[in-house]
Amino acid sequence: MGSEQATVEQIVKPPHGLTNAKLVLGMGGLAIGTGEFAAMGLLPSMADSFDISVSEAGYGVIAYAFGVVIGGPFLAVLTAHLPRQRVLIGLLAIVLAGNLATALAPEMICWLTARFISGIPHGTYYGIASLVAASMVPKGQRASAIGQVMLGLAVANLLGVPFSTWLGQVAGWETTFLVISVIALVTLALTFYFIPFVAGDSTATPIKELGVLKQADVWATLLVATIGFAGMFSLYSYITPSLQNLTGMAESTVPWMLMAWGAGMVIGNIVGGKCADRAMVPSLYGILIWNALFLAAFAFFATDIWSSVILLFLIGCGFALVPALQSRLMDVASNAQSLGATLNHSAFNLSNALGAWLGGIALSVGFGWESPAIVGAVLAAIGIPVFALSLVLARREG
């Protein structure tokens, strides 16, 4: 077992309380998550500002995703040997710079560059924050601690995105990203005070970190995240027209409906983390089955507002997969946890693209608005045998 694993398993005492430290870590996740998802709700306003179509404005979402997928592993490899607190501070500085540049971008090319920069620290922040959270608690509470860090992303969907969308509509989309920049700045300052010193892996080198990519069980676990979680994004990517056509609700009602999804994400983070601490493998199987069942149920029973609210909440609970898989990767990537934890979020962003692409294909060939949910259910179901394969490979890896 590598020296980094030993560091993670040693309990580190936060200087001003465990609760405060986890709140600060979650606050950083709130800033990053709001910055990611708010851009989707404000695309029409940004398109008007740059005199482009909404579909062209969608390149901003793609630029952010490229920043996550490319920047995350790169930064994880380069910073694995550094103290975690310093890495988090540096990542928050990039979040601040990227969102500030987004707000001040004078033309489209600058705006696209700013969105790419904003995405660079995304995966590494969640990965390193998860390692720090795990270092502050006993191993049996690790997934719960990671889930509490991920609450920032869940709260971003529950409150941050509706508020930022409203703020962008009444005060201009630039104001939204200025506010996100302020949150990042405050979190950066709080990180100095509340986050403990957690040493990096003093033996880490780029070659050693990249060595984790030779492990078949790591790739299989990442594949679970990419395929098994893509089902949620298949529905989420087309949730507005799906709800409008299936229930007949007005477009203005949809953001408030999505708060039910966000509430489910909050519950999923908390409950899922606790379940994973008690029984990791059964919990992951159960979450994948849960997602498949309720995505399928949405396709057949989301015919009115109330049934849709209930189903969106239950689907949101499937976000429990995130802290559980994060903890699982810390087990299988024991000698390169920085890169392993970061790759998890790169995989989740790939699942975003995969789900949206397959859901779009289903719609383009003429299937109804139920089809994105059906595609999602199939993807979640495929994640089950993929997870079984990852367990077999993990046993072979020893």
> Taking atom OG1 of T226 and atom CG of L343, what is their separation to the nearest 0.5 Å?
10.0 Å
> For the residue pair W290 and F294, categorise the inter-ring angle as parallel (less than 30°), tilted (30 to 60°) or perpendicular (more than 60°).
tilted
> When clusters are formed from ILVMFWY side-chain contacts under 4.5 Å, directly or step by step, what else is grouped with L104?
L100, L178
> Report the C-alpha separation of T176 and S164 in whole Å, then their side-chain angles, then the decisive distance to 0.1 Å, and conclude whether the side chain to side chain contact (heavy atoms under 4.5 Å, CB included) test is met.
CA-CA 6 Å; T176 293; S164 61; 3.5 Å; yes
> Considering only heavy atoms from C-beta outward, does the side chain of R328 approach that of L391 to under 4.5 Å?
yes
> What heavy-atom pair brings V68 and G123 nearest, and what distance separates the two atoms?
CG1-N, 4.2 Å
> Going by the ring pair (Phe, Tyr, Trp, His ring centres under 6.0 Å) test, which pairs reach into residues 142-169, not counting sequence neighbours?
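Those involving residues 142-169 are F163-W166.
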> Show me the side-chain donor-acceptor pairs of residues 107-115 shorter than 3.5 Å, one per line, residues at least two apart or across chains.
{"residue": "T113", "atom": "OG1", "partner": "I109", "partner atom": "O", "Å": "2.8"}
{"residue": "R115", "atom": "NH1", "partner": "T102", "partner atom": "OG1", "Å": "3.3"}
{"residue": "R115", "atom": "NH1", "partner": "S118", "partner atom": "OG", "Å": "3.4"}
{"residue": "R115", "atom": "NH2", "partner": "G35", "partner atom": "O", "Å": "2.9"}

> Could I get the full list of side chain to side chain contact (heavy atoms under 4.5 Å, CB included) partners for I305, not counting sequence neighbours?
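Testing I305 for side chain to side chain contact (heavy atoms under 4.5 Å, CB included), a comparison that skips the adjacent residues, returns M249, M257, V309.
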> Going from CG on L223 to OG on S390, what distance comes out if it is rounded to the nearest 0.5 angstrom?
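Separation between the atoms: 9.0 Å.
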> What side chain to side chain donor-acceptor pair (under 3.5 Å) pairs are there with at least one residue in residues 298-308, not counting sequence neighbours?
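Of all non-adjacent pairs touching residues 298-308, those that pass side chain to side chain donor-acceptor pair (under 3.5 Å) are D304-S307.
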> Which distance, rounded to the nearest 0.5 Å, do you find between the CE of M259 and the CG of L312?
13.0 Å
> Got a sec, which residues hit side chain to side chain contact (heavy atoms under 4.5 Å, CB included) with I120, two or more places apart in sequence or on another chain?
L75, F116
> Using the rule that two of Ile, Leu, Val, Met, Phe, Trp, Tyr join whenever any of their side-chain heavy atoms come within less than 4.5 Å, decide whether M27 and L25 are in one cluster.
yes
> Can you tell me which residue pairs pass the side chain to side chain donor-acceptor pair (under 3.5 Å) test with a partner in residues 123-134, sequence neighbours excluded?
none
> Might you work through the side chain to side chain contact (heavy atoms under 4.5 Å, CB included) test for V179 and L167, ending with a clear yes or no?
CA-CA 10 Å; V179 170; L167 180 64; 3.7 Å; yes
> Once rounded to the nearest 0.5 Å, what's the spacing between atom CZ of F229 and atom CG of L350?
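Output value for this atom pair is 13.5 Å.
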> What are the two closest heavy atoms between V95 and A184, and how far apart are they?
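Scanning both residues completely, I find the closest heavy atoms to be CG1-CB, 3.9 Å.
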> Under a 4.5 Å cut-off applied to non-hydrogen side-chain atoms, are L325 and F348 in contact?
yes
> Can you give me the closest heavy-atom contact between A230 and L354, atom names plus distance?
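Taking every non-hydrogen atom into account, CB-CD2, 4.0 Å.
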> For the residue pair A225 and S351, what are the closest heavy atoms and their distance?
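Looks like O-CB, 3.6 Å.
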> For residues V87 and R84, determine if any side-chain heavy atom of one lies less than 4.5 Å from a side-chain heavy atom of the other.
no
> Decide whether V322 and V69 are clustered together by the hydrophobic rule: side chain heavy atoms of Ile, Leu, Val, Met, Phe, Trp, Tyr closer than 4.5 Å, transitively.
no
> Of all heavy-atom pairs between A296 and F300, which one has the smallest distance, and what is that distance?
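Between these two residues, the closest heavy atoms are O-CD1, 3.1 Å.
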> Ignoring hydrogens and angles, tell me if any N or O in the side chain of S135 forms a donor-acceptor pair with the backbone of V12 under 3.5 Å.
no
> Could you pull out all donor-acceptor pairs under 3.5 Å where a side-chain atom in residues 185-196 meets a protein atom, sequence neighbours excluded?
{"residue": "T187", "atom": "OG1", "partner": "I183", "partner atom": "O", "Å": "2.7"}
{"residue": "T191", "atom": "OG1", "partner": "T187", "partner atom": "O", "Å": "2.7"}

> Would you tabulate the side-chain donor-acceptor contacts of residues 267-279 under 3.5 Å, counting partners in other chains and residues two or more places apart, or write 'none'?
{"residue": "N269", "atom": "ND2", "partner": "M265", "partner atom": "O", "Å": "3.1"}
{"residue": "D277", "atom": "OD1", "partner": "R142", "partner atom": "N", "Å": "3.2"}
{"residue": "D277", "atom": "OD1", "partner": "A143", "partner atom": "N", "Å": "2.8"}
{"residue": "D277", "atom": "OD2", "partner": "S144", "partner atom": "N", "Å": "2.9"}
{"residue": "D277", "atom": "OD2", "partner": "S144", "partner atom": "OG", "Å": "2.6"}

> Tell me, which pairs form a ring pair (Phe, Tyr, Trp, His ring centres under 6.0 Å) where one or both residues lie in residues 370-391, sequence neighbours left out?
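Residue pairs passing ring pair (Phe, Tyr, Trp, His ring centres under 6.0 Å), neighbours aside: Y285-F387.
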> Is it the case that more than 12 heavy atoms not belonging to F74 sit under 6.0 Å from its CZ atom?
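No - once you tally the heavy atoms of other residues, nucleotides and ligands closer than 6.0 Å, there are 12 at most.
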> Drop me the distance from I382's CD1 to L288's CG, to the nearest 0.5 angstrom.
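Rounded to the nearest 0.5 Å, the CD1-CG separation comes to 11.5 Å.
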> Is it true that Y64 and L96 fall in one hydrophobic cluster, defined by side-chain heavy atoms closer than 4.5 Å?
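No, Y64 does not connect to L96 through the hydrophobic network.
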> With rounding to the nearest 0.5 angstrom, report the CD to OG1 distance, E36 to T34.
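The OG1 atom of T34 is 10.0 Å from CD of E36, to the nearest 0.5 Å.
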> So, for A220 and L393, which heavy atoms are closest and what is the spacing to 0.1 Å?
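For A220 versus L393, the nearest heavy atoms are CB-CD1, 3.8 Å.
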> Can you list the steps and then say if I310 with F301 is a side chain to side chain contact (heavy atoms under 4.5 Å, CB included)?
CA-CA 10 Å; I310 294 171; F301 300 110; over 6 Å; no
> If hydrophobic clusters are built by linking Ile, Leu, Val, Met, Phe, Trp and Tyr wherever their side-chain heavy atoms come under 4.5 Å apart, do I315 and I384 end up in the same one?
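I315 and I384: one cluster.
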> Report yes or no: do V149 and I89 belong to one cluster of Ile/Leu/Val/Met/Phe/Trp/Tyr joined by side chain heavy-atom distances under 4.5 Å?
yes
> Which residues pass the side chain to side chain donor-acceptor pair (under 3.5 Å) test with T247, sequence neighbours left out?
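Per chain and number, T247 pairs via side chain to side chain donor-acceptor pair (under 3.5 Å) with no residue.
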> Which donor-acceptor pairs under 3.5 Å do the side chains of residues 364-376 make with protein atoms, sequence neighbours left out?
{"residue": "S364", "atom": "OG", "partner": "G360", "partner atom": "O", "Å": "3.3"}
{"residue": "S364", "atom": "OG", "partner": "I361", "partner atom": "O", "Å": "2.8"}
{"residue": "S371", "atom": "OG", "partner": "G368", "partner atom": "O", "Å": "2.6"}

